[in-house]
Amino acid sequence: MKLATWNINSLSVRLPQVLDWLAKQAQTAPVDVLALQEIKLSDDKFPAQAFEEAGYHAAWFGQKTYNGVALVSRTPPFDVVRNIPGFPDEQARVIAATYGAGDDAVRVIGAYFPNGQAPGSDKFAYKMRWLQALREWLASELGQHPRLALMGDFNITFDDADVWDPEGLRETIHCTNEERAHLQALIALGLHDAHRLFPHPPKTFSWWDYRMLGFQKNRGMRIDHILVTDALKARATGCEVDRAPRKNPQPSDHAPVVLTLA
DNA sequence: ATGGCCATCGCGGATGGA
């Protein structure tokens, strides 16, 4: 089984890249659930038919111009939840669904965490409120779903190993202790960073700034994560960032992350 | 040293991203 997450920074621009990537993945093993972020589409513009023709189901939660998330899957989604229950939000950032049934059921939460702009800003305060609400809801989801994966663009680094210039970016957005404490609080609910279950070269990142030849110089951060429960950790066989799509013409600034499970 | 890109809306240039 394969789970993947990719911030594609506009699905209208990069739908062909997503379909190509899914087809390429399928040459080894097909992706079972792909979480997309920043689709930047209203619900009526979602290309459901294109995914259907490629053999995938989809559940989506769109928004015009900004944000927007989707789950693309080989089997149909059940019990779909949009955004965080009990946390009214104008911004479309979360979609959850269950795949399979009974002892095989896997709960997937796809999320586009707020950017936060800068510590001290209104957007940072919103990010903190959002993280608190996510944690409270996640606790109840974990009570119901032993096999659960939370994946998406977290807009938070775990620690300095996830940052190309940890000293220069100390306490800047994505790298503050306050954000990292929230991320650890999610982990403390009983989740594991799938990436860190396996060895990786130093400076393995998932996002690179479009400017300053960021990708070519590997000036990036690891802010796209897949978090799994004990039951899924036990089945995990690999977790990789696929840098290939970042080399496409007109790439997203993020690369997909893929978790493979037995 | 600074900011250097990209998408959106909409048709210039502001806003947001990270």
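Here is how names work: the chains are called A, B, and so on, in the same order as the sequence lines, proteins then strands, and each is numbered from 1.
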Is there a side-chain contact between A:Ser10 and the phosphate of B:dT8, meaning an N or O under 4.0 Å from OP1 or OP2?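 Affirmative; the distance criterion is met.
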
Does B:dA7 have its OP1 or OP2 closer than 4.0 Å to a side-chain nitrogen or oxygen of A:Gln250?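 Indeed, a polar side-chain atom of A:Gln250 lies that close.
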
Taking every non-hydrogen atom, the tightest pair across A:Asn248 and A:Gln17: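 Closest approach of A:Asn248 to A:Gln17, heavy atoms only: ND2-OE1, 2.9 Å.
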
Main-chain N/O of [Y] paired with [X] side-chain donor or acceptor, under 3.5 Å:
X        : Y        : result
A:Arg14  : A:Asn9   : yes
A:Asp153 : A:Tyr112 : no
A:Glu179 : A:Thr176 : yes

Any chance the rings of A:His195 and A:His225 have centres within less than 6.0 Å?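 Not under 6.0 Å, so no.
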
Separation between the [atom1] atoms of [N] and [M], rounded to whole Å:
N      : M      : atom1 : answer
B:dG3  : B:dA7  : P     : 22 Å
B:dA1  : B:dC11 : C1'   : 34 Å
B:dG10 : B:dT15 : C1'   : 14 Å
B:dT2  : B:dA14 : P     : 22 Å
B:dA18 : B:dG13 : P     : 26 Å

Annotated protein contacts, base or backbone, on nucleotides 11-18 of chain B with a non-hydrogen cut-off under 4.0 Å, one of B, S, - each: -----SBB

Sorted by position of nearest nucleotide on DNA chain B, 5' first, the leading residue of A:Ile39 and A:Met212 is A:Met212

Clusters formed by hydrophobic residues whose side-chain heavy atoms approach within less than 4.5 Å: which one holds A:Trp60, and what are its other members?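 Noted: A:Trp60 shares its cluster with A:Trp6, A:Ile8, A:Leu11, A:Leu15, A:Val18, A:Leu19, A:Trp21, A:Leu22, A:Val31, A:Leu34, A:Leu36, A:Ile39, A:Leu41, A:Phe46, A:Phe51, A:Tyr56, A:Val72, A:Val258.
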
Does A:Glu38 form a side-chain hydrogen bond (donor to acceptor under 3.5 Å, both in side chains) with A:Asn67? I'd like the steps, not just the answer. CA-CA 4 Å; A:Glu38 287 207 88; A:Asn67 311 309; over 6 Å; no

Within a 6.0 Å radius of atom NZ on A:Lys45, are there more than 12 heavy atoms belonging to other residues, nucleotides or ligands? no

What is the nucleic acid contact for A:Arg219, judged by heavy atoms within less than 4.0 Å: base, sugar-phosphate only, or nothing?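 Nothing, no heavy atom under 4.0 Å.
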
Calculate the interatomic distance between A:Phe215 atom CZ and B:dC6 atom P; express it in whole Å. 14 Å

Let's test your reading of the pairing rules: Watson-Crick or G-U wobble, both distances under 3.5 Å, then write DNA chain B as a dot-bracket string with ( ), [ ], | and dots. ....(((((...))))).

Is it true that A:Arg147 and A:Asp104 make a salt bridge, defined as a side-chain N closer than 4.0 Å to a carboxylate O?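 No, this pair does not count.
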
